[in-house]
Amino acid sequence: MELYIVRHGKTYWNEQRKIQGWADIDLTEEGREVAVLSAQGMKDIHFDAIYSSPLRRANETANILRGERELSVIVDERIKEIGFGALEGADFLKIRGDKTSKFVSFFEAPELYEAPEGGESFEALTARACDFMEEITEKHKNDERVMIVAHGAVNKAMMRFIRKNEVKDFWAGALQKNCGVAIIHCQNGTYDVLE
């Protein structure tokens, strides 16, 4: 099996540097244009299934990337972004710069991160991402190619499943750029990150 794990296109809140998790924010025109370019780059690649987060930014990206393929985009709640609760919509730079904020550890020391009121922990995020990965790995275990279009943190949670790393290493490697693609080959339960 080959997995293409994709982050959604740029949103208005990405531009405004606002914290977005479960908030359902639209793509910008630039976000759509980059998704179209990505779709053109992948137009000749055969996919057996395409999965998407239910949030509009990921679902619209998935539908653009689907292109002319005769496939339905399968929406799965387990791959929506991490929830930030009371911090949804907050100014990212202001919150990250406030050393008294619990959010500081989100990137710097994820093992110490405490979810804000109404938010979600890394453990809860990882549990649902792992449940999703186990299911699709079993379902598509033959030589199938699967596209997954989701979000920065949940994509890292899927990579945590693949790499079997600890929560302290959650952000190992760079955060995927908008419309960035990670390509992973899986055979007999062994994962190899190709790109």
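Quick note: numbers below take in every heavy atom, side chains included, and nothing from hydrogens, waters or symmetry partners.
Partners of Q176 according to the side chain to side chain contact (heavy atoms under 4.5 Å, CB included) rule, which considers only residues two or more places apart in sequence or in another chain, are R7, N155, A182.
Residues I148 and V6 fail the side-chain proximity criterion, which asks for heavy atoms closer than 4.5 Å. Side-chain contact check for I82 versus V154: every heavy-atom pair is 4.5 Å or farther apart. For the pair Q16/T11, no side-chain contact is recorded, criterion being any heavy-atom separation below 4.5 Å from C-beta on.
Note on M147 and I136: separate hydrophobic clusters, where clusters join Ile, Leu, Val, Met, Phe, Trp and Tyr whose side-chain heavy atoms are under 4.5 Å apart, directly or indirectly.
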Exercise for review: Check step by step if side-chain contact (heavy atoms from CB on, under 4.5 Å) holds for M1 and L3.
Suggested key: CA-CA 7 Å; M1 178 179 70; L3 297 174; 3.8 Å; yes
**Study point:** Derivation and outcome, ring pair (Phe, Tyr, Trp, His ring centres under 6.0 Å), residues F132 and Y51
**Key:** CA-CA 10 Å; F132 170 78; Y51 292 86; 5.5 Å; yes
Practice item. Could you check I45 against M42 for side-chain contact (heavy atoms from CB on, under 4.5 Å), going step by step and ending with a plain yes or no? Key: CA-CA 5 Å; I45 299 172; M42 292 191 282; 3.9 Å; yes
Review point. Would I19 and E88 satisfy side-chain contact (heavy atoms from CB on, under 4.5 Å), going step by step from the backbone distance to the final call?
Key: CA-CA 5 Å; I19 295 173; E88 296 272 341; 5.7 Å; no
Practice item. Begin from the C-alpha positions of V193 and M159 and carry the test side-chain contact (heavy atoms from CB on, under 4.5 Å) through to its verdict. Key: CA-CA 9 Å; V193 180; M159 293 304 290; 3.8 Å; yes
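Of the possible polar contacts, none joining the R17 side chain to the D91 backbone as a donor-acceptor pair under 3.5 Å is found. Side chain of K141 to backbone of C186: no donor-acceptor contact under 3.5 angstrom is found.
Ion pair E120/R128 flagged as a salt bridge, since at least one NZ, NE, NH1 or NH2 atom sits closer than 4.0 Å to an Asp/Glu carboxylate oxygen. Salt bridge D48/R145: absent, no basic N to carboxylate O contact under 4.0 Å.
Side-chain contact check for R160 and T126: at least one donor-acceptor pair (N or O, by modelled atom type) lies under 3.5 Å. Under 3.5 Å, the side chains of S53 and E81 contain no donor-acceptor pair of N or O atoms. No side-chain N or O of N142 forms a donor-acceptor pair with one of H140 less than 3.5 Å apart.
Taking CZ from R57 and CD1 from I25, the interatomic distance works out to 6.5 Å, rounded to the nearest 0.5 Å. Taking CD1 of I64 as the reference point, atom SG of C179 lies at 7.5 Å (rounded to 0.5 Å). In this structure, T137 OG1 and K139 NZ are separated by 12.0 Å, a value rounded to the nearest 0.5 Å.
Among residue pairs with one or both ends in residues 6-33, those qualifying as ring pair (Phe, Tyr, Trp, His ring centres under 6.0 Å) are H8-H151; sequence neighbours excluded.
Here the shortest heavy-atom pairing between V149 and A58 reads CG1-O, 3.5 Å.
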Per-pair distances, 0.1 Å, donor-acceptor, side chain in residues 161-172, under 3.5 Å, sequence neighbours excluded:
residue	atom	partner	partner atom	Å
K164	NZ	F161	O	2.8
N165	ND2	D169	O	3.0
W171	NE1	F106	O	2.8

